[in-house]
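Written out below as structure tokens is the structure these notes cover.
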Number of protein chains: 2
Amino acid sequence: MLIERAAAMLGRHEPVSLRSVVAGTGVSTMAVYTHFDGMPGLWRAVRQEGFARLEEQIAAVGITDDAVRDLTALGVACTENALSAPDLYRVMFDAATGSEDATATATTSAAATDETFDALVDAAARARAAGRFRADIDPARLALRWRAAGHGLTMLVLGGVITASTARAEAETVATALFVDAGDDPDRCRRSVAAGWAD
Amino acid sequence: MLIERAAAMLGRHEPVSLRSVVAGTGVSTMAVYTHFDGMPGLWRAVRQEGFARLEEQIAAVGITDDAVRDLTALGVACTENALSAPDLYRVMFDAATGSEDATATATTSAAATDETFDALVDAAARARAAGRFRADIDPARLALRWRAAGHGLTMLVLGGVITASTARAEAETVATALFVDAGDDPDRCRRSVAAGWAD
DNA sequence: GCGATGCTATAGCAGCGCTATGTATTCTGG
DNA sequence: CCAGAATACATAGCGCTGCTATAGCATCGC
């Protein structure tokens with residue numbers, strides 16, 4: 001399928017153009033228009049494919065009785081997904097790539113993000129129910145803070161500003177700071193966060 | 001100059017192309033090649049212009065005796081700079097935009113980031129010297145955490161995933177969590193962070 | 001004054017996304 | 001089972017992109 005092909009070319013740092021993506025497949029450029037309504041539609045499909053892969057990786061994170069570990073591990077899964085396919089990640093979250101209308105991209109990203117984001121919110125809610133976080137903590141807000149911080153570190157890695165190992169170390173500190181701020185016990189939080197990276 | 005023109009067109013959401021940027025200026029397309037070595041060079045120049053403006057806005061943040069407030073305010077200045085010119089911010093930090101070689105963009109961003117980043121590191125160092133942070137805190141690492149979190153929230157706003165007001169609220173919580181984690185007194189930290197937004 | 005050097009304008013290249021058009025193929029109704 | 005309708009296809013070409021080769025012009029050193 002053209003979507004997988006586009007994603008593969010993206011990973012190989014090859015330019016993905018209307019003509020290059022259909023070259024060798026035997027199909028013509030018109031197929032892109034009948035199936036995807038043009039290149040913006042193909043980018044949209046690639047974006048959804050990226051979110052599907054992210055969702056898959058998110059689902060692979062097991063649920064344990066340590067919800068704080070789970071919450072950490074979910075964030076780690078997002079980051080690992082991004083670093084394993086940087087260009088795809090950029091297509092997913094950067095409205096400029098694919099030169100599509102920014103608002104359309106935003107809608108797609110926001111909707112697709114919600115699904116993968118639910119897992120983090122659930123983990124945060126479970127942690128609160130287990131007494132790890134204060135009762136007045138909004139799980140969605142806490143998950144957003146954690147996800148946004150990870151997203152920022154990831155984007156800086158993708159932009160070449162910092163290295164992946166630096167981001168890894170700082171993410172651990174940030175996670176601990178956020179979760180302790182939400183009410184978790186510092187020592188216990190540190191252990192849970194560390195466990196979140198231990199596969 | 002073509003750089004300002006390109007930045008202005010970027011802000012007006014107009015497509016910035018070789019021909020469109022020179023249209024009306026009287027100069028020919030060749031000027032872009034003699035002065036900027038092609039479109040990638042022009043994007044590089046626009047990026048530097050963006051960092052210059054950011055540096056200007058960073059410099060406008062006054063130094064007070066409350067270094068934590070200053071550190072917060074510097075992060076706020078970065079965010080405000082981004083939201084006031086979203087497309088320019090994307091060009092600055094997104095390697096894909098301008099379709100330049102990713103590594104070259106990374107080098108430019110990393111180097112230019114260092115200069116604007118120094119102000120945050122200095123503020124963090126002053127806060128540590130004032131006893132607000134623990135002695136074992138690395139100012140550069142703490143500043144990176146704060147900046148990365150703000151960057152992540154900003155990118156999500158630019159991507160349409162969250163609103164600016166949501167980012168504003170979460171940034172305050174994140175800043176407090178990070179600075180308290182670094183050793184600051186919770187109540188005092190909250191006041192300083194809040195003051196960071198109060199212009 | 002004059003040759004040399006550097007900048008500029010023009011024309012044209014290959015590539016891009018996209019569309020109009022004619023053809024083939026596949027569903028659908030009787 | 002077959003005619004008619006609807007859909008998907010390949011081709012050719014449009015206007016645009018970044019870029020470059022060439023020719024003309026200005027300026028500077030001597």
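All chains are named by letter (A, B, ...) in the order of the sequence lines, taking the proteins before the strands, and each is independently numbered beginning at 1. Remember, predicted model here, so these are calculated numbers, not experimental data. Reckoned from all heavy atoms, side chains included, excluding hydrogens, waters and symmetry mates.
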Inset, instruction - Quick one: list whatever passes salt bridge (Lys or Arg N to Asp or Glu O under 4.0 Å) with B:Arg128, sequence neighbours left out. - result: none
Inset, instruction - Please answer whether the main-chain N or O of A:Asp66 pairs with a side-chain N or O of A:Ser192 as donor and acceptor at a distance below 3.5 Å. - result: no
Legend entry - B:Thr25 (side chain) donor-acceptor with B:Val21 (main chain) under 3.5 angstrom: no
Inset, instruction - In whole angstrom, give the distance that lies between atom CH2 of A:Trp43 and atom P of C:dC16. - result: 13 Å
Inset, instruction - Measure the acute angle between the ring planes of A:Phe51 and A:Phe93, then classify it against the limits of 30° and 60° as parallel, tilted or perpendicular. - result: perpendicular
Inset, instruction - Between protein and nucleotides 22-28 of chain C, map the contacts as a letter string: B base, S sugar-phosphate only, - none, heavy atoms under 4.0 Å, written 5' to 3'. - result: -------
Inset, instruction - Without swapping roles, check the side chain of A:Ser20 against the backbone of A:Pro15 for a donor-acceptor pair under 3.5 Å. - result: yes
Inset, instruction - Indicate yes or no for a side-chain donor-acceptor contact from A:Arg134 to the backbone of A:Asp181 under 3.5 Å, with no hydrogens or angles considered. - result: yes
Inset, instruction - Report, as yes or no, whether the 6.0 Å neighbourhood of atom CD on B:Glu14 holds more than 12 heavy atoms from other residues, nucleotides or ligands. - result: yes
Legend entry - Main-chain N/O of A:Thr64 paired with A:Asp70 side-chain donor or acceptor, under 3.5 Å: yes
Inset, instruction - Can you check each nucleotide of nucleotides 4-18 of chain D against protein heavy atoms at under 4.0 Å and return B for base, S for sugar-phosphate only, - for none, in 5' to 3' order? - result: -----SBB-B---BB
